[in-house]
2 protein chains.
Amino acid sequence: MKRTTIIDIAQSLGVTPSTVSRALAGNLRVRESTRKRVQEKALEMGYQPNIVAASLRRGKSDTVGMLVPRINRHFFSHVISAVEEVLNPAGFNLLICQSHERAEQEKQAIQVLLKNRVAGIIMSHAMETVDFEMARRATDERVPVVQFDRVNAAVPGPRIINDNFSGAYMAVKHLIRGGYTRIAHLTGSLSVNVYSERFKGYKYAMEEASLDCGEMVFEGAITRETGYEKALWLIKNRKVDAFFCAGDHSSVGTMQAIHEFGLKVPDDMGVVGFANEPFAGFITPQLSTVEQNAYDMGHRAANALIRIINGNPLPGIDQEEVVPVRLLVRESSMRTPINNTI
Amino acid sequence: MKRTTIIDIAQSLGVTPSTVSRALAGNLRVRESTRKRVQEKALEMGYQPNIVAASLRRGKSDTVGMLVPRINRHFFSHVISAVEEVLNPAGFNLLICQSHERAEQEKQAIQVLLKNRVAGIIMSHAMETVDFEMARRATDERVPVVQFDRVNAAVPGPRIINDNFSGAYMAVKHLIRGGYTRIAHLTGSLSVNVYSERFKGYKYAMEEASLDCGEMVFEGAITRETGYEKALWLIKNRKVDAFFCAGDHSSVGTMQAIHEFGLKVPDDMGVVGFANEPFAGFITPQLSTVEQNAYDMGHRAANALIRIINGNPLPGIDQEEVVPVRLLVRESSMRTPINNTI
DNA sequence: TACAAAAATACAAACGATTGCACAAAAAAC
DNA sequence: GTTTTTTGTGCAATCGTTTGTATTTTTGTA
């Protein structure tokens, strides 16, 4: 019970496989009537082209590799979805891998994608990753790489990033306007671009307002638990009156810590997060946060890749494309009523 | 600048490609010393095996197709992640497609997977789908299909489903214990197994308690908006005092409607949802809901597929495998304090 | 030293499509 | 009615592996 091939179709029609191939490809060198006959026969025999064989022969596959730290994170799953939305109509499929935030798994995943001869790779790096050699090697092997969100300039190709600086700047400035002055910053490793950019935005806003931010920045505080711990320490030892957290999870931990001190958000302390996780608008008090446009990012990444594959890269191919973010002002930072969006 | 092939390695070593192939595959028919030489040379030349060619020759690929309604839904993204966790170590990769809940896209996605000669398919049907012919055809072509969550018996192969009946039964019984008697049910299309099972559980619990459930069941209410509308209508016209919603989104809409009537949850009206979406524990009042174990489901689906691919299907291969669910009792249904889990 | 058995390698044919080139038949031009 | 051009097909090589079979080399034994 073998699957039908173009050879089977050719034989049952008394032509050669080449003609069948051309007919199915819509090649104009085959007569209209033959094309019809072939197409009908193909349908009749339930023919499914073997893309594997075609890829081998053509030396190019129509599969695009996608590599993310975790598929099930809200942000990443939405980027994936957006990428798929663009790539599918263009005739590409997605081979998806996750690195689980591990540098080693990221490396292996890239190798897997290369072994599968993907037409290109869209990826976001693991937190751990400091060696970008493997991603660079992909480009050496003529496999275009588009990075998004967590990017590194050591890898050639387009980089689509959120406007982390502006998001952070807007968030902190908003806190300052609300009258908060001792604003702490909880974030992740500053060797990761997203966090270093957010830190820069924070710092810029603080300095612009001539506020001191010494000893109020913590790097390893990105989960709910670490956010809770660091916030506890800061409240106790640094007289802070607001927090700008580089993530929503640590914001929740922070609010928990504030609550335990018998203080109120936002009256006693303001909190602004980053990412607008699904729960951010539902918690009490509702969390002000910086919204990232995952869809926009996914669309841009996919389009950038398609342009490269088609050989029409934009002029500034190796430059960063910045996706705007929005500050969502909710209850957790709203000491005085103001507009809902800045 | 061609990529190195086993032929290149063979030539630079003065052996044949077959030997190289066998050496790299760890075949014991090749001498230890040759194997070493080959492996070193392969490393030196930066050889990346061409899986496409290997797949063609072997007639089987190590790619598994995964088809879900939407990648970015909390439940599905977690199932995908779990599947990946099992499949990756087993040497498989995931080709992922989404149907966007459209029957036509589901059909096309299956064709894409078949054209890519995937080793198997793990899928959950779109809401729309009523014709399961294409999925069945996959199995005809010897591509094993494992269905999960939204399944249909018309397609041969394992079906991994949540214990929708028990979940619904527990939820409704819990409401009844809390003293609620006029319990309405908002759900999706009853032609989808997950909803029909939940409805059965609801009905069974109601009848067991000799409660009437006439004219209190609505099918097309699964989003926040439709949940809001139907709830509004029910409160106005049917004197209901509780809602069992087949999803968390419609639960939110329901609570909104209740709130608008000036009634309190849970004191005046109880609400229980289904799915335990990320926001469920964060909203006010916290939503009682039925938790599905996406990870468990993903693991089981992946393992079932691997067993089939390896030719060791379990005896009851065509039977359903039921994943237990948990009722999470939170504030929205807790008129009187009881245990947090039943 | 010769010879059988065992071990290691070579040969060559797949897998299923694509595609440059050759070639026939038909159409157009002279 | 030739010659030239156009048009439609066929031929055969190719993509990079894998693998059954043949062949060589090595090893062991008499």
Side-chain angles (χ1 to χ4, degrees), chain A residues 1-39 41-42 45-63 91 114-119 141-143, chain B residues 1-39 41-42 45-63 91 112 114-119 141-142:
Chain A
M1 185 59 88
K2 271 180 66 270
R3 293 214 261 237
T4 53
T5 71
I6 55 167
I7 303 180
D8 302 327
I9 300 178
Q11 283 176 342
S12 80
L13 240 47
V15 296
T16 57
S18 13
T19 304
V20 175
S21 173
R22 282 193 259 259
L24 291 173
N27 190 315
L28 4 76
R29 271 176 52 192
V30 34
R31 194 203 317 250
E32 177 65 25
S33 61
T34 344
R35 195 180 318 163
K36 272 259 168 54
R37 283 200 306 147
V38 170
Q39 281 166 345
K41 200 69 178 178
M45 300 178 75
Y47 170 71
Q48 295 273 15
N50 186 334
I51 296 213
V52 177
S55 299
L56 174 60
R57 171 61 229 244
R58 281 202 289 251
K60 261 299 168 199
S61 88
D62 50 1
T63 300
L114 292 179
K115 284 194 279 196
N116 276 278
R117 296 298 188 266
V118 291
E141 301 198 8
R142 299 179 184 292
V143 176
Chain B
M1 185 59 87
K2 270 179 67 268
R3 292 213 260 237
T4 53
T5 70
I6 55 169
I7 302 181
D8 302 327
I9 299 177
Q11 283 175 343
S12 80
L13 241 45
V15 295
T16 56
S18 17
T19 304
V20 174
S21 173
R22 283 193 255 257
L24 292 172
N27 191 315
L28 3 76
R29 268 175 54 187
V30 34
R31 197 202 317 250
E32 179 64 25
S33 61
T34 348
R35 196 180 314 162
K36 272 259 168 55
R37 285 198 307 148
V38 169
Q39 281 166 345
K41 201 70 177 176
M45 301 178 75
Y47 171 71
Q48 295 273 16
N50 186 334
I51 296 211
V52 178
S55 298
L56 173 59
R57 171 61 230 245
R58 281 202 288 254
K60 261 299 168 198
S61 87
D62 50 3
T63 299
V112 166
L114 291 179
K115 284 195 278 198
N116 277 280
R117 297 299 189 264
V118 291
E141 301 197 7
R142 297 181 185 289

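Below, chain A is the first sequence line, B the second, and so on; all start at residue 1.
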Student: Could you grab the distance from atom CD1 of B:Ile51 to atom OG1 of B:Thr63, nearest 0.5 Å is fine?
Tutor: 7.0 Å
Student: Between CZ of B:Arg117 and CZ of B:Arg58, what distance do you get to the nearest 0.5 Å?
Tutor: 16.0 Å
Student: Look at the side chain of A:Ser55 against the base of D:dC15 and say whether a donor-acceptor pair falls under 3.5 Å; ignore hydrogens and angles.
Tutor: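 No.
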Student: Is there a side-chain contact between B:Lys41 and B:Ser12, using heavy atoms and a 4.5 Å cut-off?
Tutor: yes
Student: Quick check for you: among C:dA10, D:dA12, D:dC15, whose closest atom lies nearest to any side-chain atom of A:Arg57?
Tutor: D:dC15
Student: So does A:Arg117 reach the base of D:dG16 with its side chain, donor to acceptor, closer than 3.5 Å?
Tutor: no
Student: Of all the nucleotides listed (D:dT9, D:dG16, C:dT19), which has the minimum atom distance to the side chain of B:Ala53?
Tutor: D:dG16
Student: Send over the distance from B:Asn27 CG to D:dG20 C1', rounded to a whole Å.
Tutor: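 Rounded to whole Å, this separation is 12 Å.
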Student: Whole angstrom is fine here: how far is it from NZ in B:Lys115 over to P in C:dT18?
Tutor: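 Computing the B:Lys115:NZ to C:dT18:P distance gives 11 Å.
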Student: Between B:Ile6 (CD1) and D:dT19 (C1'), how many Å, whole number?
Tutor: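 One finds 11 Å between C1' of D:dT19 and CD1 of B:Ile6, rounded.
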Student: Quickly work out the A:Ile7 CD1 to D:dG10 P distance and round it to whole Å.
Tutor: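 Those two atoms, CD1 and P, are 14 Å apart.
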Student: Check this one for me: any side-chain N or O of A:Thr19 less than 4.0 Å away from OP1 or OP2 of D:dG10?
Tutor: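 Looking at the OP1 and OP2 atoms of D:dG10, one of them is under 4.0 Å from a side-chain N or O of A:Thr19.
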Student: Does A:Thr34 reach a base, just sugar-phosphate, or nothing at all? Heavy atoms under 4.0 Å.
Tutor: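 A:Thr34: backbone/sugar contact only, no base atoms under 4.0 Å.
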Student: Give a yes or no on whether a donor-acceptor pair under 3.5 Å exists between the nucleobase atoms of D:dG20, that is its base, and the side chain of B:Arg22.
Tutor: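 Side chain to base: pair found, below 3.5 Å.
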Student: Would you say the side chains of B:Thr16 and B:Thr19 form a donor-acceptor pair under 3.5 Å?
Tutor: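 Looking only at side-chain atoms, B:Thr19 and B:Thr16 do form a donor-acceptor pair, the distance falling under 3.5 Å.
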Student: Rounded to the nearest Å, what distance is computed from the NZ atom of residue B:Lys60 to the P atom of nucleotide D:dT17?
Tutor: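 Interatomic distance, NZ of B:Lys60 to P of D:dT17: 21 Å.
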Student: Closest-nucleotide mapping onto DNA chain C: is A:Thr4 or B:Arg31 further toward the 5' terminus? I mean the 5' end.
Tutor: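 Upstream on the strand: B:Arg31.
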Student: Tell me: CD1 of B:Ile9 to P of C:dA10, nearest whole Å?
Tutor: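 Value for this atom pair: 14 Å.
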Student: Give the nucleotide from the list D:dG16, D:dT9, C:dC11 with an atom nearest to the side chain of A:Leu56.
Tutor: D:dG16
Student: Measuring to OP1 and OP2 of D:dG16, would you say a side-chain N or O of B:Thr5 lies under 4.0 angstrom away?
Tutor: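 Checking D:dG16 against B:Thr5, no side-chain N or O comes under 4.0 Å of OP1 or OP2.
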Student: Any side-chain N or O of A:Ser21 under 4.0 Å from OP1/OP2 of C:dA17?
Tutor: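 For C:dA17, neither OP1 nor OP2 has a side-chain N or O of A:Ser21 closer than 4.0 Å.
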Student: Flag the pair A:Leu56 / A:Val52 as yes when at least one side-chain heavy-atom distance between them is below 4.5 Å, and no otherwise.
Tutor: no
Student: Name the nucleic acid region contacted by A:Val15, choosing base, sugar-phosphate or nothing; use a 4.0 angstrom heavy-atom cut-off, strictly under.
Tutor: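 Here A:Val15 touches the backbone only, sparing every base.
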Student: Could you check whether any side-chain heavy atom of A:Gln48 comes within less than 4.5 Å of a side-chain heavy atom of A:Arg3, counting everything from C-beta outward?
Tutor: no
Student: Rounded off to whole Å, could you give me the CZ-to-P distance for the A:Arg37 and D:dG8 pair?
Tutor: 14 Å
Student: Establish, with yes or no, whether the OP1 or OP2 oxygen of C:dA17 is under 4.0 angstrom from a side-chain nitrogen or oxygen of A:Tyr47.
Tutor: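 The answer is yes; a side-chain N or O of A:Tyr47 sits under 4.0 Å from OP1 or OP2.
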Student: How many whole angstroms separate atom CZ of A:Arg58 from atom P of C:dT19?
Tutor: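 In whole Å, C:dT19 P and A:Arg58 CZ are 7 Å from each other.
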Student: Assign A:Leu28 to base, sugar-phosphate, or nothing according to its heavy-atom contacts below 4.0 angstrom with the strands shown.
Tutor: sugar-phosphate
Student: If you look at every strand shown and take non-hydrogen atoms under 4.0 Å, does B:Arg29 touch a base, only sugar-phosphate, or nothing?
Tutor: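 Contact class for B:Arg29: base.
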